Structures are given as C-alpha cells and as structure tokens.
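Worth knowing before you read on, the calculation uses all heavy atoms, side chains too, and leaves out hydrogens, waters and symmetry mates. Fair warning: this is a prediction, and the values are worked out from it, not measured in the lab.
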Amino acid sequence: MNRIITSTVFAFVSLLSGVLGDSLTVLRSPSYVTFQDGQWPISGEKVPDLVSLTMGFSVREDLDWPGLAAGSLFQRPRANALIVVRGVDTLDFPKNISSYPLENPVPFTLDNVANTVHTLFADSTPVVLQLAPSEERLYMMGMANTVFEDLPVTLQQIRGRLSQDGSVLTSLPLISLSRNNEADLLFLSEVQVLYDISALLQKHKHLAKDPAPDLYSLELAGLEEIVRRYGTDSPQFADAIRILTSALQKFADDVSNVYSNNAVVEVVTVKTFEAPLTRKSRSILQISNQGSLYNLAYKYDYDYAVVFNIVLWLMIVLALAVIVISYNLWNMDPGYDSIIYRMTNQKIRLD
C-alpha cells in the first residue's frame, strides 16, 4: 500500500514538474514523424539535434531520448518551424498535443541544421529563415529566397507596418495592451511578424514544392518585456498570453497547410535562459583526466565507423586478391600457360 502511494505521489510530482517548468511542445507533425506520449525531459542543448532528426538528418551524438520514435526511411518533412518564446514557462495549448519538460534551458541556435540544409541541397534554393532578438530588437539572417526580402525585421520597420492597413493593431482585441508603449509594441511587432510570414507563405506556395526542405527558426522576446514591465499578475500579461497562443496556433495551421501536412512545428517556452557552460583552460602539464574516475579515453570520432569499414573491406579484398593470384601462379604450367615458353618451344622446333 505504501509503495502504491509513493508511486502515485512520484507520478503526480513528475506531472507537475512537466507542466509548471519550461517545456517543448509539438504543435504539428506529419504522420510519419511520431512523438511518443510521456513526460520525458529533454535538455535545451539537445533541441537542435532533435530538429535535425525530425528532418531526417544525422547527428554527431545519438539522442538518447524516448520521446521521438524511429521515422520512415523514405519520407522526410518538407519544413521544420521552431519558435522559442521567452518570458513564460508554458502556454495554454490543447491537451491532445505532445509536450515535454525542458531541462537545462541554455541558449541554442539552429546554425548547424541550416548549414546541413545548405550543404546537402546546394543546387536547390531552400528557405532558411532565422529571427532572433538583437540590439535592433529583431533581425533576419540566412535567407535563401527573395520572397522574404520585404519582411520588416527591425523595430522601426515594424512600427511602420503596424500603422498600415491589415495590421494586428486593427485585427486583434488588444484590451489592456497599448499601442503607445514600447514594450507592448515590441510584443505586437513579433506577433505581426508571425502573421506576415504566414501571409507570405500562403501567397508563395511554390516554396513548398522545392525538393529542398525549409527551416524556420524564430525567437520571440516580446513577452519577456511584458513580464519585466507589468509582471505576471497583470492584465497585460494575461492578454499577451492569449494573443500569443492564438497567433502560434494560427501560424502552425498555416505552415502545415502550405506544406500539405508535411511540416513539423515546435514551440519552446522558456521563462529565462540559463548562462551557457564555459570550458575551463587546463595546463599542458596536467596529464591526468580529472573528469573521469577511471581515466577513460574519449569517444570515437564521428567518422570512425566509416573509416573502419573502408579499411576493413579494402584489406579483405586485397587479401583475397593476393590469395587468388598466388594460387594461380603456383599451379601454372610454364609450357602451356606462359607465352614466353610457348614461343621458345616453337622456335626450337623450327631450328
């Protein structure tokens, strides 16, 4: 009885930690990319590897995480969109979608995934759109298609976009949010970017027909400014949460429809990023491995299996070739199998 009570309490605590902590939520995924149901935590530094695996790319180290099942070898998603929301640990998404706790929320980028896309599909024109906060609040890099050239990315550009017809200021119920406050404008500008990207994708659906997969990486910090200015108990924060949740669901629906349900859309909610770990320098005279109890060697290189197979099968082929040649030479009849002896015998007979 005590064991049952203990297990129940442990499961309840695990469930609460998964709900109340930072999270990774999969809003959309095709049928051949399966995310298992469960509260398996994933480290923040492993999120780029997860994106690579969902797109069918290999990673340097195996991702020991049971949340992602083995996918199809003959199908890969046409796009992957990852949205990072700073300032909140979770959003009120529907309960029927997959959500996992996020551990060690260190800052990460999808630069390696973008480089892989450009390397493997150099002859095509993949769309690689990355949006992240900077000194100008927003900037865009890695764009491989001219469709997004007119997308406003700086705060000054988006202020002009918000004053135009069809902006979120006229279409969304702001309630407690103000268009005269800079923190509110920053949040609304990021929502406007989500709407503009969806509109451009629906206008240029030929992007989804390109053989190269597309990558979208968006980091939103406007909600963090709302929390810093008003707090989490304010009506501004509640209205911002409601607007952002609706905008993210609409963005996921639009991306999935443009790519014919062949896109993966993930949302990472982080209340605050932890400082990344730094590597400490070590003296060249320090030869003992302090990080390992048994002084174990480092792991094999990523290309070790490839090099090992090349060397192994080349040695086997060379060994078989030497055996066959040696056997034929040993059993050769010089009088019949050698052209030198054959010509010499004919010359002797003529003489």
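Counting only distance, with no hydrogens or angles, the side chain of Asp62 and the backbone of Asp64 share no donor-acceptor pair below 3.5 Å. Checking side-chain atoms of Ser171 against main-chain N and O of Ser167 turns up a donor-acceptor pair under 3.5 Å. Between the side chain of Asp184 and the backbone N or O of Leu177, no donor-acceptor pair lies under 3.5 Å. Side-chain atoms of Ser246 never come within 3.5 Å of backbone atoms of Ile243 as a donor-acceptor pair (strictly under, hydrogens ignored). In this structure a side-chain-to-backbone donor-acceptor pair under 3.5 Å is present from Ser234 to Phe237. A donor-acceptor contact shorter than 3.5 Å links the side chain of Trp65 to the backbone of Pro41.
Looking at heavy atoms from C-beta onward, Glu45 lies in side-chain contact with Asn104 at the 4.5 angstrom threshold. Side-chain contact between Leu172 and Val191 is present, with heavy atoms from C-beta onward closer than 4.5 Å. Side-chain atoms of Pro30 and Val264, non-hydrogen and from C-beta on, do get closer than 4.5 Å to each other. Between Leu200 and Leu207, the closest side-chain pair of non-hydrogen atoms is not below 4.5 Å. In this structure, Leu91 and Thr25 have side chains that are not in contact, with every pair of non-hydrogen atoms separated by 4.5 Å or more. Between Ser217 and Leu131, the closest side-chain pair of non-hydrogen atoms is not below 4.5 Å. Between Asp214 and Tyr216 the shortest side-chain heavy-atom distance falls below 4.5 Å.
Under the 3.5 Å distance criterion, with hydrogens and angles disregarded, a donor-acceptor pair is assigned to the side chains of Asn261 and Ser256. Using modelled atom types, one finds a donor on one side chain and an acceptor on the other under 3.5 Å when comparing Asp239 with Ser176. Looking at Asp254 and Gln202, their side chains do bring a donor and an acceptor atom within 3.5 Å of each other. Under the 3.5 Å distance criterion, with hydrogens and angles disregarded, no donor-acceptor pair is assigned to the side chains of Gln75 and Asn262. Inspection of the Asn112 and Ser52 side chains reveals no N or O donor paired with an N or O acceptor under 3.5 Å. With 3.5 Å as the limit, one finds a donor-acceptor pair spanning the side chains of Asp196 and Gln192. Using modelled atom types and a 3.5 Å distance limit, the side chains of Thr90 and Thr269 yield no donor-acceptor pair.
Remark: Ser198 OG to Asp253 CG distance equals 9.5 Å, nearest 0.5 Å. Distance CD/Glu190 to CG/Leu186: 5.0 Å, rounded to 0.5 Å. Summarising the geometry, atom CG belonging to Leu102 is positioned 14.5 Å from atom NZ belonging to Lys271; distances are rounded to the nearest 0.5 Å.
Heavy atoms of other residues, nucleotides or ligands lying less than 6.0 angstrom from CZ of Phe308 number 12 at most. For Lys250, the NZ atom sits in a packed shell: over 12 heavy atoms of surrounding residues, nucleotides or ligands are nearer than 6.0 Å.
Below 30°, between 30° and 60°, or above 60°: for Tyr100 and Phe35 the angle between ring planes is between 30° and 60°, a tilted geometry.
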